[in-house]
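Just so we're on the same page: letters track the sequence lines, and every chain starts at 1.
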Amino acid sequence: RSTYNNLINACGSNGNWREALRICKQMTENGVGPDLVTHNIVLSAYKNGTQYSKALSYFELMKGKNVRPDTTTLNIVIYCLVKLGQYDKAIELFNSMREKRAECQPDIVTFTSIIHLYSVSGQVENCRAVFNTMLAEGLNPNIVTYNTLMAAYASHGMNEEALLVFNEIKKNGLLPDIVSYTSLLNAYGRSQHPGKAREVFDMMRRNNLRPNLVSYSALIDAYGSNGLLAEAVEVFHEMEQDGIEPNIVTMCTLLAACGRCGRKVNIDVVLSAAEMRGIKLNTVAYNSAVGSYMNVGEYEKAITLYKSMKKRRVKPD
RNA sequence: AAUUUAUAAAU
């Protein structure tokens, strides 16, 4: 059974949920019944394949077969509900877990997921309360919990709150990791403090953490979204010299930066830079480029790009 | 140190 679970998991963690299901069926046909771990692996296979509704259906199926879920099961279900924007249902499930007699009590993952929920559902003011409740329940936050709380503040441009959390990490004997630094950096970028964002980036290096693709892209955006295109481009070069390959998000960030620097710049340069690196533009990147052309008043180029979008079979949204 | 769950970047 463990062998099968391992096999299913190998497919599922790559988002290959069809193959995962196929093996799961085969397992049953060979007379090996799935256990709860198997079910959880199937659920997470759906999740990794972004098949959130299918995951929820599977969960209903489990209930129909009287399979008792555990906290991990419910955590995955909460994750899927959040992805589908079904926040009320997620909260309902969370509350049911918190009842005294509930079989599956919320754990640190559950609480962290709920903090994240409140961030993405536009109720960041609830995040700290959830965090405090978790403490009151005697659960110790780990670095992911702190990072989630920080990211919540960061995405809302609340840099002071984010910094407070960052300092709490150290106070509680944990070490900020690359995600912590990137979130703090992002908090400054989102609140019009690109210089502070750079300071965080440098601080990360001084603490012997190597900035990765995400950290670099976040710094590029900190400059770009605040109108500092030259600095953004400089970081882009710094990144490549550091041996980190840009991806579509990086290029899209630069494309957006071109539309925000307040003057007419050559967006084509960025487009061909992407092409030279074999990075194919997706819908978001096209939107960004078209938007930037509009911002700088190059309406004809915007239309041309829109047309080439269709030619390359990238769906406009 | 390996069967399953939570966190950071773009329009």
Practice task
Under the salt bridge (Lys or Arg N to Asp or Glu O under 4.0 Å) rule, collect the residues that match up with A:R263, sequence neighbours excluded.
Solution key: none
Problem - Minimum-distance nucleotide (side-chain atoms of A:N247 versus B:U4, B:A9, B:U7) - result: B:A9
May I have the list of side-chain donor-acceptor pairs in residues 83-101 of chain A shorter than 3.5 Å, sequence neighbours left out?
residue, atom, partner, partner atom, Å
A:N95, ND2, A:I91, O, 3.4
A:S96, OG, A:L93, O, 2.7
A:R98, NH2, A:E137, OE2, 2.8

Handout entry: A:E300/A:K307 ion pair, N-O < 4.0 Å
Key = no
Handout entry: Heavy-atom donor-acceptor pair, A:N5 side-chain to B:U3 base, under 3.5 Å
Key = yes
Fill in the blank from the handout: Rounded to whole Å, the CD1-P distance (A:I76 to B:U4) equals 10 Å
Exercise for the section: For RNA chain B, find the residues of residues 153-171 of chain A with a heavy-atom distance under 4.0 Å and give them by number; none if there aren't any. Expected result: none
Handout entry: Value in whole Å for how far the C1' atom of B:A6 lies from OH of A:Y146
Key = 16 Å
Problem - Nucleic acid contacts - residues 272-293 of chain A versus RNA chain B, non-hydrogen atoms under 4.0 Å - result: A:N282, A:V284, A:N287, A:S288
Exercise for the section: Assess whether one donor atom and one acceptor atom, taken from the side chain of A:N6 and the base of B:A2, lie less than 3.5 Å apart. Expected result: no
Exercise for the section: Verify the ring-centre separation between A:Y216 and A:F236: is it less than 6.0 angstrom? Expected result: no
Exercise for the section: Take atom CG of A:L271 and atom P of B:U11, then tell me their distance rounded to the nearest Å. Expected result: 16 Å
Problem - Nearest-Å distance for atom pair CG/C1', residues A:L174 and B:U7 - result: 14 Å
Handout entry: Lys/Arg cation over aromatic A:Y79: A:K47, 6.0 Å, 45° cone
Key = yes
Handout entry: Contacting residues from residues 137-145 of chain A, given that a heavy atom lies under 4.0 angstrom of RNA chain B
Key = A:N142, A:V144
Exercise for the section: Before accepting this row, confirm whether a basic side-chain N of the pair A:E29/A:R22 lies closer than 4.0 Å to the acidic partner's carboxylate O. Expected result: no
Practice task
Nearest whole angstrom, please: distance from the C1' of B:A9 to the CD1 of A:I244.
Solution key: 13 Å
Problem - Under-4.0 Å side-chain N/O to phosphate OP1/OP2 contact, A:K47 with B:U4 - result: no
Problem - Heavy-atom donor-acceptor pair, A:H156 side chain to A:A152 backbone, under 3.5 Å - result: yes
Problem - Within residues 216-228 of chain A: residues closer than 4.0 Å to RNA chain B (heavy atoms) - result: A:S217, A:A218, A:D221
Problem - Proximal nucleotide (of B:A8, B:A6, B:A10) relative to the A:R190 side chain - result: B:A10
Exercise for the section: Check the pair A:E240, A:R277 against salt bridge (charged side-chain N to carboxylate O under 4.0 Å, His left out), reporting the backbone distance first and the verdict last. Expected result: CA-CA 11 Å; A:E240 291 199 308; A:R277 288 164 180 75; 2.6 Å; yes
Problem - is_close_aromatic(A:F166, A:Y181), centroid dist under 6.0 Å - result: yes
Handout entry: Nucleotide nearest A:D107 (side chain, heavy atoms from C-beta), chosen from B:A10, B:A8, B:U5
Key = B:U5
Exercise for the section: Specify the separation, in whole Å, of atom OH of A:Y79 and atom P of B:U5. Expected result: 11 Å
Problem - Euclidean distance, atom CG of residue A:N147 to atom C1' of B:A6 [Å, nearest integer] - result: 11 Å
Fill in the blank from the handout: The nucleotide from B:U4, B:U5, B:A10 with an atom nearest the side chain of A:N40 is B:U4
Problem - A:D202/A:R206 ion pair, N-O < 4.0 Å - result: no
Problem - Salt-bridge present (A:K63, A:E60; N to O < 4.0 Å) - result: yes
Exercise for the section: In whole angstrom, give the distance that lies between atom CE of A:M204 and atom P of B:A9. Expected result: 13 Å
